[in-house]
K.L.:
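Structure in structure tokens, see below.
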Amino acid sequence: MQQGTQLMDTFAGSAFSSSMSQIVRPMLDRIDRLRGILKGEPISLPMIVVIGDQSTGKSSVLEAISGIELPRGSGICTRVPLELRMKRSSEPSISISSQDSPERLITPDQVGPMVTQLTNKIAGQRKAVSDTPIILNVCHPACEDLTLVDLPGIVRVAQESLGQPKDIYDQIVRMIKHYIDKPEVCPFCFCEHVCVPPVPNNGICLCPECITLVVLPGAEDFARHEALRLAREVDPQLERTFGVITKCDMICSGTNVQEAFLGLDLKLGYVAIRARTPQEILDSVPLHDMLQIESEFFSASPLFAHWKPTEWGTQTLAARLASLQATHVRRFFPTLKKSLVERLHSLQAELDQLPVIPHGAVAQRQAASEQFRVLQAAYREIVDGTALIQSSDLLLLPEEGEAEEEDLTQPKFFRRFLYTQYRGFDMAQRQHLGKLLTAGYHEKVREALRKYDGTHLPTIFPPKVLMIAVRALLTRLSRLAEDLVHTAAEQTQRILHTLCHTHIRKDLQSIVWDRVHDYLDSLHAFAMSRLRTLTEEESEPFTLNHYFLDTLTKVQASIREHSRAKEDHVHGACRSGESADLESIRVNDDHMDLRFFVEQANAQLSNDARAATEMQLKIYCYWKVALKRICDRMPLMLHHAFCTVPLKEKKMCSSGESNPPQGTSFARAQDPWATTPCGLYSMLEACISETDLKHCFETEDVQCVLAQRARLEASMKRVHEALQELVIC
């Protein structure tokens, strides 16, 4: 390491001041540690990136600054990013590492072979390139606190015979742009600009924190160089671009290099250096001797006679770069914590969007049970109309011209939906009740009585006639009642289907809906069974309620009253010579039309006609009693089947046990314990087994979620460590 030591000792008195190093070095150390911690994270960290066309002397610039010999050869030598970290330290050392190779100490003579070896390992033995970096750490008491990244030189024509890919130019340009680009909005590091995706293998998001060091050979036309064109493309004003002029000994006499460089208008400035020539490399001229040779060259050359000492020389270049980096780093640190915190919040928000995947039978059962309770609670809110009743908009009047509408396909108040259905059912029955007082129905009753002539006295009616009439009425009512049950069942299914897809996690939705669908079939069957029981009970006419006799007495009294009114009306009309208006003769009770019976009361009727009239009135009055019972029991039955039963917390079986064993089939969950279905929650607990849950929670989709969760948690851990590093430092 003697040659590098001699060169660094030469730098000691002219590069960075000691006070500046004491300020910047801890920051650079912190950045180096953060690079290791944030590996794989899109967090921006500052650096100086060296770019240039192939064979412009980029490696020579790094050699001159570091005092370390780097690999040389024909064609493209640098095929992966080389991150050169120079650190002023009292203990000289050199170490090298890469993504898949741990850090190891090496000697100065091993630098070239080791860089070549790792390059071949990363990018292959041939001439391909890769964006996976090699990290070279150089420590020395006289070394500048400086970090440089040397990128592959721009190759215009691929050497396919040597194994270079046809698109090597595009690959190198993409790599350079990723390091030096400055887009507008950064989704990765939350700065004012965007990092160009994809993030390379080292995971460092670069953004505008990068200073671009463009290497340009002095003997050529600067404007024609691709590196300068790329720098200007991402930095149009060249505000973060620094120029280095190489191969100054090859510039033709009479060329005004400084004027050409001033025309570029690089805001950060430029420095010319004189590195070793190919012959000097063959003659093994030591690097530390080059400082003296370089100084003599610029002092004696007439081309640079009017140049200031601050515009040429390796020492000047090192000092300028160190000063730029120090300013850059001090400006960067206040924003780093904000970037880390915002990145942490972004990761947490993304993590919160993922479902929690339980592990193990107990955790899976607990997670499923919680989902079942959520579903039942959501159904309870719909049944009771909690959201609608508590709404502050409930009493607001509609705007002018705006009609009040209720979406009955997705009601927020299921009990109210059922109420509207009951009202329609009740109104239909009441309207049909009036048909029992018509002449047409009178003929039907009379025909039925004729079949039993000779079996009873004229004033004593056969019980079977009433039974036949009631059962005929029940047949019609049953059809309407079944439609009502179907409507309630369909609405319940619609509600629960929506709730399953909005409240149940995706990995459980399929099996939960399968079980709920079967459960709804049982509720429907249960309601239909209750309906059949109801109609069977009503098929045997019987009542102890005084309402039957009260109604019969009231109707008969109304008939007599209106019969007398008719007579008086007719007699009065005859005396005055006016016609009698019989349309006004009605009974106030239920607004039933009794004109037929009033006419019958004033007519001379046969015994069978009078008997049919009396029987017709009794059928009407009894059916009013039966209909009153049915219209009360139907809502109760439907409420119980579709509102009360699903919301039951537990179902007690006949032996006093609580819910059936978990995983029991649905049919077994219903029978033999009870004819009434269990609650929705209890049913799901009983009918979804641990095997079912394991199948749901261990699908490929779930495994993808677990992998994504692990990735986010690992990222959060790295960002947390970076924040702790900032606090500790």
K.L.:
Atom NE2 in His720, atom OG in Ser715: separation rounded to 0.5 Å?
P.N.:
11.5 Å
K.L.:
Does the Ser66 side chain pair with the main chain of Leu62, one donor and one acceptor, at a distance under 3.5 Å?
P.N.:
yes
K.L.:
Before accepting this row, confirm whether a basic side-chain N of the pair Glu350/Arg711 lies closer than 4.0 Å to the acidic partner's carboxylate O.
P.N.:
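Salt bridge: yes.
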K.L.:
Under 4.0 Å between a side-chain nitrogen and a carboxylate oxygen: does that hold for Asp249 and Lys247?
P.N.:
no
K.L.:
For Asp170, which residues count as a side chain to side chain contact (heavy atoms under 4.5 Å, CB included) partner, sequence neighbours excluded?
P.N.:
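If we apply the side chain to side chain contact (heavy atoms under 4.5 Å, CB included) test to Asp170, skipping adjacent residues, the hits are Asp167, Arg174.
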K.L.:
Does a side chain donor of either Ser101 or Lys121 reach within less than 3.5 Å of an acceptor in the other side chain?
P.N.:
yes
K.L.:
Show the nearest heavy-atom pair for residues Leu347 and Val719, with the distance to one decimal.
P.N.:
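Heavy atoms only, the tightest pair is CD1-CG2, 4.1 Å.
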K.L.:
Any side-chain heavy atom of Tyr270 sitting closer than 4.5 Å to one from Val244?
P.N.:
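No, their side chains stay 4.5 Å or more apart.
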K.L.:
For residues Arg232 and Leu238, determine if any side-chain heavy atom of one lies less than 4.5 Å from a side-chain heavy atom of the other.
P.N.:
yes
K.L.:
Please check this pair: side chain of Arg274 against backbone of Gly313, looking for a donor-acceptor N/O pair closer than 3.5 Å.
P.N.:
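The answer is no, because no donor-acceptor pair under 3.5 Å joins these two groups.
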K.L.:
Ignoring hydrogens, what is the shortest heavy-atom contact between Val285 and Arg276? Give both atom names and the distance.
P.N.:
O-NH1, 2.9 Å
K.L.:
Hey, are Glu233 and Arg229 close enough for a salt bridge, meaning a charged N less than 4.0 Å from a carboxylate O?
P.N.:
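Yes, Glu233 and Arg229 are salt-bridged.
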K.L.:
Mind checking whether Thr212 and Asp235 have side chains closer than 4.5 Å, heavy atoms only?
P.N.:
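No, too far: nothing below the 4.5 Å cut-off.
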K.L.:
Rounded to the nearest 0.5 Å, what's the gap from SG on Cys248 to CD1 on Ile273? Could you check?
P.N.:
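Reported value, rounded in 0.5 Å steps: 7.5 Å.
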K.L.:
Taking the side chain from Gln54 and the backbone from Val155, do they hold a donor-acceptor pair closer than 3.5 Å?
P.N.:
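Between the backbone of Val155 and the side chain of Gln54 there is no qualifying donor-acceptor contact (under 3.5 Å).
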K.L.:
Only counting residues at least two apart or in another chain, list the ones meeting side chain to side chain contact (heavy atoms under 4.5 Å, CB included) with Pro309.
P.N.:
none
K.L.:
Look at the side chain of Arg240 and the backbone N and O of Ile180, then say whether any donor-acceptor pair between them is shorter than 3.5 Å.
P.N.:
yes
K.L.:
Is atom NZ of Lys337 surrounded by more than 12 heavy atoms (other residues, nucleotides or ligands) closer than 6.0 Å?
P.N.:
no
K.L.:
When you compare the side chain of Gln237 with that of Asp265, does any pair of heavy atoms fall below 4.5 Å?
P.N.:
no
K.L.:
State whether the side chain of Arg709 and the backbone N or O of Leu354 hold a donor-acceptor pair below 3.5 Å, judged by distance alone.
P.N.:
yes
K.L.:
May I ask you to decide if Val115's main-chain N or O and Thr119's side chain share a donor-acceptor pair within less than 3.5 Å?
P.N.:
yes
K.L.:
Counting only N and O atoms by type, is there a donor-acceptor contact under 3.5 Å from the side chain of Ser299 to the main-chain atoms of Ser295?
P.N.:
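Side chain of Ser299 to backbone of Ser295: a pair is present.
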K.L.:
Is Arg343 close to Leu340 at the side-chain level, that is, under 4.5 Å between some pair of heavy atoms?
P.N.:
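The answer is no, as the side chains (C-beta and beyond) never meet within the 4.5 Å cut-off.
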K.L.:
How about Leu344 and Gln348: do any of their side-chain heavy atoms sit closer than 4.5 Å?
P.N.:
no
K.L.:
With heavy-atom distances below 4.5 Å as the criterion, would you say the side chains of Val215 and Ile51 are in contact?
P.N.:
no
K.L.:
Between Phe298 and Phe304, what is the ring plane arrangement, given parallel below 30°, perpendicular above 60°, and tilted in between?
P.N.:
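Taking Phe304 first and then Phe298, their aromatic rings stand perpendicular (interplane angle over 60°).
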K.L.:
Judged by atom type as modelled, is there a donor-acceptor pair below 3.5 Å linking the side chain of Glu713 to the main-chain atoms of Ala710?
P.N.:
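Between the backbone of Ala710 and the side chain of Glu713 there is no qualifying donor-acceptor contact (under 3.5 Å).
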K.L.:
For the side chain of Asp150 and the backbone of Leu84, is there at least one donor-acceptor N/O pair under 3.5 Å apart?
P.N.:
no
K.L.:
After noting the C-alpha distance and the side-chain angles of Val149 and Tyr179, does the key distance pass the side-chain contact (heavy atoms from CB on, under 4.5 Å) rule?
P.N.:
CA-CA 9 Å; Val149 179; Tyr179 273 83; 4.1 Å; yes
K.L.:
Please identify each residue that fulfils side chain to side chain contact (heavy atoms under 4.5 Å, CB included) with Ala123, with sequence neighbours left out.
P.N.:
Arg79, Val80, Ser130
K.L.:
Check Arg320 with Glu311, please: is the shortest side-chain N to carboxylate O separation under 4.0 Å?
P.N.:
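Salt bridge: no.
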K.L.:
Is any side-chain N of the basic residue among Arg85 and Glu83 closer than 4.0 Å to the acidic one's carboxylate O?
P.N.:
yes
K.L.:
Taking Asp507 for the side chain and Cys696 for the main chain, is one N or O donor matched with an acceptor at less than 3.5 Å?
P.N.:
no
K.L.:
Could you report the tightest heavy-atom contact between Glu63 and Leu70, atom names first, then the distance?
P.N.:
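Closest pair (atom of Glu63, atom of Leu70, distance): OE2-N, 2.8 Å.
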K.L.:
Are Leu151 and Thr78 close enough that some pair of their side-chain heavy atoms sits under 4.5 Å apart?
P.N.:
no
